[in-house]
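Below is one structure, written out as structure tokens, with a few remarks after it.
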Amino acid sequence: MGISDILPEDRINCIGFGKGLEETPAMYVTGNISGEYGFFISDDLGESFARINTDRQQYGVIHSICGDMREHGVFCLATGSHGLMFGRQKNLAKP
């Protein structure tokens with residue numbers, strides 16, 4: 001999935017940045033991409049996205065998302081019902 005896969009009915013709710021694999025920062029987004037709701041990471045500034053949550057991990061309304069600037073794949077969500085949530089992307093590629 002990438003920017004070209006975003007449909008007119010899709011919606012990006014939040015965008016945040018964190019440490020990338022190389023010099024390009026990782027981009028984190030919440031919203032709908034290709035008709036699928038979730039939390040996504042992009043290591044190529046939106047050319048491709050990987051979903052980093054499951055259908056069981058929704059956490060209500062997400063007010064903000066950001067990545068850790070020290071460790072790739074670690075992110076924080078500000079939720080409307082569960083407070084602050086921290087996550088770690090599974091199967092991280094090592095820089």
Side-chain angles (χ1 to χ4, degrees):
M1 291 184 288
I3 292 287
S4 62
D5 297 313
I6 295 177
L7 305 172
E9 61 271 17
D10 285 345
R11 177 179 169 158
I12 301 299
N13 299 323
C14 303
I15 299 175
F17 294 91
K19 181 176 182 180
L21 290 174
E22 296 181 12
E23 291 186 23
T24 302
M27 180 170 55
Y28 294 87
V29 300
T30 65
N32 286 48
I33 297 178
S34 299
E36 180 177 37
Y37 174 78
F39 318 142
F40 301 88
I41 185 173
S42 174
D43 286 312
D44 52 16
L45 295 178
E47 292 298 319
S48 63
F49 289 98
R51 188 173 184 215
I52 55 178
N53 70 309
T54 67
D55 289 340
R56 293 181 60 191
Q57 300 166 317
Q58 300 294 320
Y59 306 115
V61 176
I62 304 299
H63 295 289
S64 183
I65 187 170
C66 66
D68 187 321
M69 295 306 287
R70 297 167 295 175
E71 186 176 349
H72 178 262
V74 176
F75 60 97
C76 177
L77 300 169
T79 73
S81 56
H82 295 290
L84 292 176
M85 305 290 294
F86 291 88
R88 182 179 307 274
Q89 181 185 356
K90 286 186 175 183
N91 304 320
L92 288 175
K94 298 293 181 191

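Values below: all heavy atoms of this structure, side chains included; hydrogens, waters and symmetry mates excluded.
K19 and A26 get closest at one heavy-atom pair: O-CB, 3.5 Å. G31 approaches F40 most closely through the heavy-atom pair O-CE1, 3.5 Å. The minimum heavy-atom distance linking N53 with F39 is given by the pair OD1-N, 2.9 Å. In plain terms, the two heavy atoms of N32 and I12 that are nearest each other are O-CD1, 4.2 Å. Closest heavy-atom contact between S48 and S42: O-OG, 2.8 Å. The two residues G35 and D10 come nearest to each other via the heavy atoms N-OD1, 3.0 Å.
In the hydrophobic clustering of this structure, M69 does not group with I65; members are Ile, Leu, Val, Met, Phe, Trp, Tyr whose side-chain heavy atoms approach within less than 4.5 Å, directly or through other members.
Side-chain contact between H72 and I41 is present, with at least one heavy-atom pair separated by less than 4.5 Å. Residues L45 and E47 form no side-chain contact, since every pair of their non-hydrogen atoms from C-beta on lies 4.5 Å or further apart. When side chains are defined from C-beta on, L84 counts as touching C76, because their heavy atoms get closer than 4.5 Å.
Contacts of Y28 classified as ring pair (Phe, Tyr, Trp, His ring centres under 6.0 Å), with partners at least two apart in sequence or in another chain: F75.
Atom NE2 of H63 sits about 11.5 Å away from atom CG of L77, to the nearest 0.5 Å. The OG1 atom of T30 lies 6.5 Å from the CD1 atom of I62; values are rounded to the nearest 0.5 Å. A distance of 12.0 Å separates CZ in R88 from CD1 in I52, rounded to the nearest 0.5 Å.
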